[in-house]
Novice: 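Dropping the structure in here first, questions after.
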Amino acid sequence: MKVYYDTLHACSEEIYLAATDIGLCFVSNSYNEMIDWLTKRQASEFIHDQDKMQPYMEQFAYYFSGEKQQFDAIPLDINGTDFQMAVWQELRTIHFGETCCYSDIAQAIGKPTAVRAVASAIGKNPLLVIIPCHRVIGKNGKLTGFRSGLALKKQLLALEKTTS
């Protein structure tokens with residue numbers, strides 16, 4: 001499987017986007033994390049291709065500039081367990097500029113006692129920002145884990161707060 005990627009600078013970070021011929025498959029602020037993830041998915045080639053990635057890069061640039069609060073229907077290539085997919089789908093219902101807690105997600109997917117499993121699924125979200133896991137905070141209102149670091153999570157929430 002060929003995977004194309006490109007980077008954009010946003011929120012004081014380099015943001016790496018990767019896509020297959022099917023659609024966007026990974027977003028991260030770590031090149032090594034992207035390569036590790038793609039290797040586990042058995043990607044055969046990593047190709048830096050600005051032309052192939054242009055539609056994705058454009059939407060992310062609009063989002064990070066505050067010009068766009070939601071992404072147009074872009075193709076995604078995402079795989080996970082049924083539970084992960086349910087969690088990730090629920091994350092996509094959290095509106096721009098809003099937050100919720102892990103137990104809200106567990107409740108919404110009909111698994112109110114699965115808060116830890118929800119947190120684990122959120123931590124495995126391959127599509128940061130597109131699947132807005134940064135909008136999930138602790139029940140006490142504090143920022144909690146984020147695979148790309150709490151500094152980026154704080155910046156994403158601040159961006160959404162000032163442009164909503």
Side-chain angles (χ1 to χ4, degrees), residues 1 3 5 7-8 10-20 22-43 56 59-60 63-64 66 68-71 73-164:
M1 163 183 57
V3 177
Y5 73 94
T7 61
L8 94 125
C11 291
S12 314
E13 305 265 352
E14 290 297 318
I15 307 295
Y16 298 89
L17 281 70
T20 65
I22 295 169
L24 190 68
C25 63
F26 196 75
V27 178
S28 179
N29 64 340
S30 166
Y31 178 81
N32 290 335
E33 181 183 41
M34 178 182 69
I35 295 300
D36 289 346
W37 188 86
L38 294 171
T39 300
K40 288 176 186 167
R41 268 193 91 190
Q42 300 178 343
Y56 306 111
Q59 288 206 39
F60 272 82
Y63 167 84
F64 284 114
K68 192 178 267 267
Q69 293 186 358
Q70 63 186 30
F71 292 85
I74 59 175
L76 303 178
D77 184 0
I78 183 170
N79 297 296
T81 66
D82 289 344
F83 183 81
Q84 288 170 334
M85 297 297 280
V87 169
W88 299 338
Q89 185 58 43
E90 187 59 33
L91 292 176
R92 296 187 78 189
T93 69
I94 308 168
H95 296 290
F96 185 93
E98 295 180 2
T99 59
C100 69
C101 65
Y102 296 93
S103 58
D104 294 333
I105 300 297
Q107 190 73 35
I109 65 167
K111 306 280 186 185
T113 61
V115 176
R116 291 188 119 160
V118 163
S120 178
I122 290 172
K124 291 181 173 88
N125 169 21
L127 293 174
L128 300 182
V129 183
I130 291 280
I131 298 175
C133 55
H134 63 279
R135 296 178 187 156
V136 180
I137 60 175
K139 199 169 195 168
N140 60 4
K142 294 189 179 187
L143 295 186
T144 55
F146 188 59
R147 79 169 160 82
S148 290
L150 289 181
L152 180 57
K153 183 173 187 166
K154 188 181 287 187
Q155 290 177 59
L156 291 170
L157 291 173
L159 169 76
E160 291 187 3
K161 190 171 191 165
T162 59
T163 58
S164 60

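Numbering of residues begins at 1 and proceeds along the displayed sequence. All values derive from a computational prediction rather than experimental measurement.
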Novice: Kindly check if the number of other-residue, nucleotide or ligand heavy atoms within 6.0 Å of CD (Gln70) is above 12?
Specialist: no
Novice: Would you name the heavy atoms of Met85 and Asn79 that are closest together and state the gap between them?
Specialist: SD-C, 4.1 Å
Novice: Please give me the minimum heavy-atom distance between Met34 and Ala18, naming the atom from each residue.
Specialist: SD-CB, 3.9 Å
Novice: Which atom names give the shortest non-hydrogen contact between Gly145 and Tyr102, and what distance separates them?
Specialist: O-OH, 3.8 Å
Novice: Against Glu160, only a single residue in Arg135, Lys154, Lys153, Lys68 fulfils salt bridge (charged side-chain N to carboxylate O under 4.0 Å, His left out); can you say which?
Specialist: Arg135
Novice: Just say parallel, tilted or perpendicular for the rings of Tyr63 and Phe96, cut-offs at 30° and 60°.
Specialist: perpendicular
Novice: Working to the nearest 0.5 angstrom, can you tell me the gap between Ile15 CD1 and Phe60 CZ?
Specialist: 8.5 Å
Novice: I'd like to check the side chain to side chain donor-acceptor pair (under 3.5 Å) partners of Glu13; sequence neighbours left out, ordered by chain and number.
Specialist: Asn29
Novice: Drop me the distance from Phe26's CZ to Thr20's OG1, to the nearest 0.5 angstrom.
Specialist: 14.0 Å
Novice: Tyr16: what forms a side chain to side chain donor-acceptor pair (under 3.5 Å) with it, not counting sequence neighbours?
Specialist: none
Novice: Tell me, please, which residues at least two apart from Ser103 pass side chain to side chain donor-acceptor pair (under 3.5 Å).
Specialist: none
Novice: If you count every heavy atom of other residues, nucleotides or ligands that lies below 6.0 Å from Asn140 atom CG, does the total exceed 12?
Specialist: yes
Novice: Restricting to side chain to side chain donor-acceptor pair (under 3.5 Å), what partner residues turn up for Thr39, sequence neighbours left out?
Specialist: none
Novice: For Ala19 and Tyr56, which heavy atoms make the closest approach, and how far apart are they?
Specialist: CB-CE1, 3.6 Å
Novice: Would you call Asp104 and Ile94 a side-chain contact if the rule is heavy atoms closer than 4.5 Å?
Specialist: no
Novice: OG1/Thr99 to CD1/Ile137 distance, rounded to the nearest 0.5 angstrom?
Specialist: 3.5 Å
Novice: Hey, mind stepping through Ser148 and Ser28 against side chain to side chain contact (heavy atoms under 4.5 Å, CB included) and telling me if it holds?
Specialist: CA-CA 7 Å; Ser148 290; Ser28 179; 4.3 Å; yes
Novice: Quick one: CG on Leu76 to CD1 on Ile22, what's the gap to the nearest 0.5 Å?
Specialist: 11.0 Å
Novice: Using a 3.5 Å cut-off and no angle test, enumerate the donor-acceptor pairs between side-chain atoms of residues 110-130 and protein atoms at least two apart in sequence or in another chain.
Specialist:
residue, atom, partner, partner atom, Å
Ser120, OG, Lys124, NZ, 3.1
Asn125, OD1, Leu127, N, 2.9
Asn125, ND2, Ile131, O, 2.8

Novice: Can you give me the closest heavy-atom contact between Cys100 and Ile105, atom names plus distance?
Specialist: SG-CD1, 3.6 Å
Novice: Which value, rounded to the nearest 0.5 Å, describes the distance between Tyr5 atom OH and Leu24 atom CG?
Specialist: 15.5 Å
Novice: Does Arg147 form a side chain to side chain contact (heavy atoms under 4.5 Å, CB included) with Cys133? I'd like the steps, not just the answer.
Specialist: CA-CA 10 Å; Arg147 79 169 160 82; Cys133 55; over 6 Å; no
Novice: Applying ring pair (Phe, Tyr, Trp, His ring centres under 6.0 Å), can you list everything that pairs with Phe146, at least two apart in sequence or on another chain?
Specialist: none
